[in-house]
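Working notes, beginning with the structure itself.
It should be emphasised that the depicted structure is a prediction, and the values quoted were computed from it without experimental measurement. Proteins come first, then strands; the chains are lettered A, B, ... in the order of their sequence lines, and each starts at number 1.
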Protein chains: 2
Amino acid sequence: MPTEEAPAFLLASAHRRTSHVPVWFMRQAGRSLPEYRKLRGKGSILDVIRSPEIAAEMTLQPVRRYGVDAAILYSDIMVPPAAIGYGVEVTQGHGPYVPLPFRSPADLGRLRALEPEVDIPFVIEAVKHVAGELRHIGVPLIGFAGGPFTVASYLIEGGSSRDYTRTKSLMRSDPTVFAELLSRLGTLALDFLKAQVSAGAGAVQIFDSWAGILSTGEYKNHVLPSLTALMDGLASLRVPRIYFAVSASHLLDLVASSGCDVISIDWRMSLSAARKQLESRDMHQALQGNLDPTCCLAPWEVLEKEAIATLEEGQGIGHIFNLGHGVLPDTDPAMLERLVELIHSVPLDTLVDRTSDDQ
Amino acid sequence: MPTEEAPAFLLASAHRRTSHVPVWFMRQAGRSLPEYRKLRGKGSILDVIRSPEIAAEMTLQPVRRYGVDAAILYSDIMVPPAAIGYGVEVTQGHGPYVPLPFRSPADLGRLRALEPEVDIPFVIEAVKHVAGELRHIGVPLIGFAGGPFTVASYLIEGGSSRDYTRTKSLMRSDPTVFAELLSRLGTLALDFLKAQVSAGAGAVQIFDSWAGILSTGEYKNHVLPSLTALMDGLASLRVPRIYFAVSASHLLDLVASSGCDVISIDWRMSLSAARKQLESRDMHQALQGNLDPTCCLAPWEVLEKEAIATLEEGQGIGHIFNLGHGVLPDTDPAMLERLVELIHSVPLDTLVDRTSDDQ
């Protein structure tokens, strides 16, 4: 396939020149969309995900409305542990709830291997449906999984947490069991992602949202091994591997060393500072991000100014425009529509730093 | 006064050699102490602070129990706006509540100048009392104030916030009013701190806890001017000026450029990485921190190992041992007692990097 016809999202992931900076939004499928709220109902999020037609429709809604350069599967990071019977519920607005949290080494036995055809046929069906629809318009579907650390934190805490006291306690007091837990969750994520790619996903994103609560040393010793193994396992799939964590500027070098292809950063550190730091270590991942989602609640003039500043920081090549975290539920979809138009309207040549142009 | 007799806390703040690394804990006066809970009752925190005898006693309790190298005034960052009649309540466990938040430029008129003798005689009395007691044992008292940004966020949001949407909205949509608000809050903090130093405080700490939610560019443009003005205003007092923010690794260079003498960092970035980064910019602030407070909930062997690792990262000179955030309410005071003993027992010579030894 000639370069010009490959989707901009995939080209940018590979640090190659595109006609425009590709754009999609974390949580683009979700509560900010009236068509989503209409479909959603009040039940468990996991029940919605178990209905492949509904999950597929929710995945496609933002592609139709916004014309974004990538779809992301409507799913949840707790789907794999729920699917193997760990006992997980996910309620709207309250996040995951694990009635019987991970409390002792014996709980490792509750983490059996994923059998995709048996455990997550609904995910495979949803991905196939979405990928089939998107093929006609050349938009890739991003499959996703939670990072082993973030999923572990929910299993250990029993739900959301403020200080992650139990998670850190296990990590420090019994690093062997902690490592085994993360290793198993890494394998679970790998099998989950492989199933999505087999069914048609053209990229994967690891949401390790809460990894930024760890110190650099803890992340290196306790999280990076399972993450690197996950990235290694994904390598043979030959799809872009994106990694995302919030408030993780201090982890940038380590994240890059995991082997991921794209690093999604929040708004705290600028894209240009991140790129400069990576290049000084001779690392050249593409970057995804990083507009503060609260900017989308501002008047258009403010949003426009901030979005253009983000594009300029991204320097055109090897940049996938996104928010620094998920779309806030109060966001007006009309603002995101306008934002996509804006991103698509800015010619790449005005963004590329001529001194480092790769053409 | 000969160097040997100056308090270790003050020497370390000035990057001078001490016999041992000084140690104190953010929120050392507070809910983790049974003697505090006995005194505290159920009323408003601001009412407790308005009783100078009780505030003084609460300030002294951890000095007696732990033998820490510094006391910190029992107070709250919302005392100054409350004292000038802005309308602020602070409830245990829920933080500040501002019934009539900052909503328009007209609300700037609600921020009059502080008249310490009239508005905060109770603070002055508490400081005098504590400083008098501590003089005998050579332990300095740290006065404190909230950072202009963090206090502004409470005034604008009306209380605690998850996304700081309103604060960021005002900052981006009306930067002139936002700058004026922070400038006034900076002056308020300056007058509040001057009153504390006049009454006997030997150091000051600016708690700008939530500044880390901002991007580097936003912090530089919207927060640093008022912070630098505050540091400049404090310079003539000739006491160490400590600055603290959570999750602010990305702001380190900018914080250092504010003119503060000591940078208190959380546990995310290591002390050695922070020092290396500062030195590469030819900046030489002392560092305070940065043990993860959840370590104090771990078995002693874990806490001991982590504390020694923190000491080693601190490299002995120009390091004030502290936690990376406040003492968690569930912390067993016996662990903190043991921790202070440990920090005091490690000879400085075992920590100082010989290649960069200043002696």
Rounded to the nearest 0.5 Å, how far does CD1 of I213(B) lie from OG1 of T294(A)?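 Here the interatomic distance stands at 8.0 Å.
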Heavy-atom pairs under 4.5 Å with chain A, option from G217(B), C295(B), S270(B) with the top count: C295(B)
Per-residue contact mode, E306(A) against chain B (heavy atom under 4.5 angstrom):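 It is the side chain, since no backbone atom gets that close.
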Side chain to side chain contact (heavy atoms under 4.5 Å, CB included) partner of T165(A), the single match among D330(B), L297(B), D292(B):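 Single side chain to side chain contact (heavy atoms under 4.5 Å, CB included) partner of T165(A) among D330(B), L297(B), D292(B): L297(B).
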If contact means a heavy atom pair closer than 4.5 Å, which residues of residues 242-257 of chain A contact chain B? S247(A), S249(A), H250(A)
Residue from M269(A), R172(A), K168(A) scoring the most non-hydrogen pairs under 4.5 Å with chain B is R172(A)
Given that the side chain runs from C-beta out, which part of [X] has a heavy atom under 4.5 Å from chain A: side chain, backbone, both or neither?
X	answer
E313(B)	neither
L214(B)	backbone
S169(B)	neither

Report the C-alpha distance between S173(A) and V302(B) in whole Å, list the side-chain angles of each, state the deciding distance to 0.1 Å, and finish with yes or no for side chain to side chain contact (heavy atoms under 4.5 Å, CB included). CA-CA 7 Å; S173(A) 303; V302(B) 172; 4.0 Å; yes
